[in-house]
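Numbering of residues begins at 1 and proceeds along the displayed sequence. Please read these numbers as outputs of a predicted model, since none were measured by experiment.
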Amino acid sequence: MLVVVVVRLRAVPRANRCLWENDACMFRCPLKSRTRRFRLSGRTTRRAHAPGACTLLHWQVNMDIGPTPTLGQARQEMLARMPVAKLLWKLTLPAMAGMMTMSLYYVVDTIFIGRGVGSTAIAGVTIVFPLIMLMMALGLMIGTGAASAVSRNLGAGDVVRAERILGNAITLSVLLGLVVIVVCVPNSAGLLRLFGASPTILPYAREYADIIILGAVFAIYPMVVNNLARAEGNANVAMKNMILGAVLNIVLDPLFIFGLQLGVRGAAIATVVSQVVTTVYVTRYFVSGKSTLHFRMKYLRLELPVAGEVLSVGFPSLVRMGSASILVLIINRTLGVFGGDLSIAAFGIVNRSMVFVAMPLLAIAQGLQPILGFSYGSGRYDRALGVTVLALKAASLLSLGAFLGLMVFTAPVMSVFTTDAALISEGVHAARRVFFVFFLVGFQIVGSTVFQALGKVTKTFVTSTSRQVLFLVPLVVVLPRFIGTDGIWLAFPIADALSFLLVFLLIAPQLREFKHKAGAGSPGPSG
């Protein structure tokens, strides 16, 4: 900012108040803690006073200088002006670090259970996984729906509505967590039998599930609020929160499993304790005054239009993750028929491996979402196009690297989880089929996120549910009848390939729309 100023040198006794109000003081001094930067004669000027001086020499500037931008305004400026490549990595890398640490917990947890309790315990925890995924689905539904709405409203400059969305999202997360507890606690045994628990597996599954269900609110709430921190451009908070939870969980696992000899129950207790800590941490951020969005009690009251927007945009995430939960349920039951407990345990290991290698791809999608939503909401289609293409390329390269690593090091990966030779052999056989076209998955994940960031409900629903609902579930049901357990394993690469094709056909016109509007200088987003 270039300014023309008239200055006068004035000596001020140290005991006096600063000559300037906060909104006009350009310097940092012992009496006022604000710093101002301004352009003077073509260069940035910054002055400071020596705290020990007997007098303060002030340059009094005869001009109006606006208040220092808040952290929230600075983040919005970052979303609006930082080059998209730098911005994408700035938001993706913290998300990736947090999610990789979190997924590492799932891997380490399985290792502790497998080596400390046995392969049957791995099968028991695998049976509970659909229930865990259901809670994750509820958190993702609220979190992604609210994050999309917050990003677009911040892009349009409507901070008040964004804060109303925050309040409604918090209330929804608590209510749905309580519903899970009330419905599932009295019916856990029946649910686990429905999920495919055999008499051998059921005791381990129930020990784990009963404790996990009681922590439902603390499982859903942090997922929601982490997404909102990313949506306002502060991915570091979500990263630190996820790392905090995962590290605490990894530390507590051996203490409870081995030290206190609680077995599978100890793993569940460690999980819930870490979720409580992350809930406290992320809540503290939104009440500290450091966030763009501020926690306000008056916005906790549900408003149907706001809650409806959150749920409608986030509903595809519920369907996607919910269908994945149903899919795991179907797979567990089908494996119980065609392969037995050993195949269920092998699937548990393969599934944990899949979660781990998919996390960087999901991190790119989460880094993309606030940038694309903000750019689209503010009519910056050039930035929307650039960041979308970059995210698609990055995710494709990462998924290719994961594919090559899993194909080459399949046996060593399986050996980390267990010393059971039969289980290792079954896991290697399954993994090499499940991950056969994993190099296509990155494009599919990011592509479906594009439509969610834009608030396009129908296309989000189609792209985010195609893999599980349209393709994978029917294939898992039909193929094993002809080729046994291999039908389950081969259903994954077939579904991945078909889903990739569908997303590609839908994303290409959207990219052309961005390019056309960027070239035409269109002033605002279309529905």
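- Between Leu361 and Ala395, the shortest heavy-atom contact is CD2-O, 3.4 Å.
- Going from atom CD1 of Ile445 over to atom CG of Leu440 covers 11.5 Å, rounded to the nearest 0.5 Å.
- At distances below 3.5 Å, at least one donor-acceptor pair connects side-chain atoms of Ser173 with backbone N or O atoms of Ile170.
- Only one option out of Val182, Val180, Asn187 pairs with Cys184 in a side chain to side chain contact (heavy atoms under 4.5 Å, CB included); it is Val180.
- You'll find the side chain of Arg432 reaches within 4.5 Å of the side chain of Val428, heavy atoms only.
- Ser499 places no side-chain N or O within 3.5 Å of a backbone atom of Ala495 that could act as its donor or acceptor partner.
- Between Phe492 and Phe347, the ring planes lie tilted relative to each other; the angle falls in the 30° to 60° range.
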Give the C-alpha distance, both sets of side-chain angles, the deciding distance and a yes or no for side chain to side chain contact (heavy atoms under 4.5 Å, CB included) between Tyr208 and Thr271.
CA-CA 10 Å; Tyr208 191 79; Thr271 298; 4.2 Å; yes

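- Taking every heavy atom of both residues into account, Ser415 and Ile424 meet most closely at OG-CD1, 3.8 Å.
- The side-chain heavy atoms of Asp486 and Phe338, taken from C-beta on, include no pair separated by under 4.5 Å.
- The line from CZ of Arg512 to CG of Leu385 is 12.0 Å long, rounded to the nearest 0.5 Å.
- Side chain of Gln444 to main chain of Thr463: a donor-acceptor pair is present (N/O by atom type, distance under 3.5 Å, no hydrogens or angles).
- Heavy-atom minimum distance, Phe438 versus Ala402: CE2-CB, 3.8 Å.
- For the atom pair CZ (Arg383) and CG (Leu88), the distance works out to 11.0 Å, reported to the nearest 0.5 Å.
- Proximity of Leu311 to Leu172: side-chain heavy atoms (C-beta onward) are separated by under 4.5 Å at one or more points.
- Rounding to the nearest 0.5 Å places OG1 of Thr388 at 9.5 Å from CD1 of Ile371.
- Between His516 and Tyr381, every side-chain heavy-atom pair lies at or beyond the 4.5 Å cut-off.
- The environment of Phe436 atom CZ is sparse: at most 12 non-hydrogen atoms of other residues, nucleotides or ligands sit within 6.0 angstrom.
- Note on ring orientation: taking the six-membered ring where Trp is involved, the planes of Phe403 and Phe439 are perpendicular (angle over 60°, cut-offs 30° and 60°).
- To the nearest 0.5 Å, the span separating CG on Leu397 from CG on Leu392 amounts to 11.0 Å.
- Taking both residues in full, the closest heavy atoms of Ile344 and Asn332 are given as CD1-O, 3.7 Å, listed atom of the first, atom of the second, then distance.
- At a threshold of 4.5 Å between non-hydrogen side-chain atoms, the residues Arg333 and Ile330 do not count as touching.
- Looking at heavy atoms from C-beta onward, Leu506 lies in side-chain contact with Phe451 at the 4.5 angstrom threshold.
- The two residues Ala146 and Val310 come nearest to each other via the heavy atoms N-CG1, 3.7 Å.
- For the pair Tyr221/Val174, a side-chain contact is recorded, criterion being any heavy-atom separation below 4.5 Å from C-beta on.
- At most 12 heavy atoms of other shown residues, nucleotides or ligands fall within 6.0 angstrom of atom CG in Leu304.
- For the residue pair Arg433 and His429, a side-chain donor N or O sits within less than 3.5 Å of a side-chain acceptor on the partner.
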Evaluate the side chain to side chain contact (heavy atoms under 4.5 Å, CB included) criterion for residues Phe443 and Ile507: first the C-alpha distance (whole Å), next the side-chain angles of each, then the deciding distance (0.1 Å), finally the verdict.
CA-CA 10 Å; Phe443 188 99; Ile507 201 72; 3.7 Å; yes

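- Gly427 and Val350 make their closest contact through O-CG2, 3.9 Å (heavy atoms, listed as atom of the first residue, atom of the second, distance).
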Determine, stepwise, if the pair Leu498 / Leu470 fulfils side chain to side chain contact (heavy atoms under 4.5 Å, CB included).
CA-CA 9 Å; Leu498 293 173; Leu470 295 180; over 6 Å; no

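- Between Ser343 and Ile488 the shortest side-chain heavy-atom distance does not fall below 4.5 Å.
- A distance of 10.5 Å separates OG1 in Thr171 from CG in Leu176, rounded to the nearest 0.5 Å.
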Side chain to side chain contact (heavy atoms under 4.5 Å, CB included) between Val125 and Arg352, intermediate numbers included:
CA-CA 11 Å; Val125 174; Arg352 295 298 194 280; 3.1 Å; yes

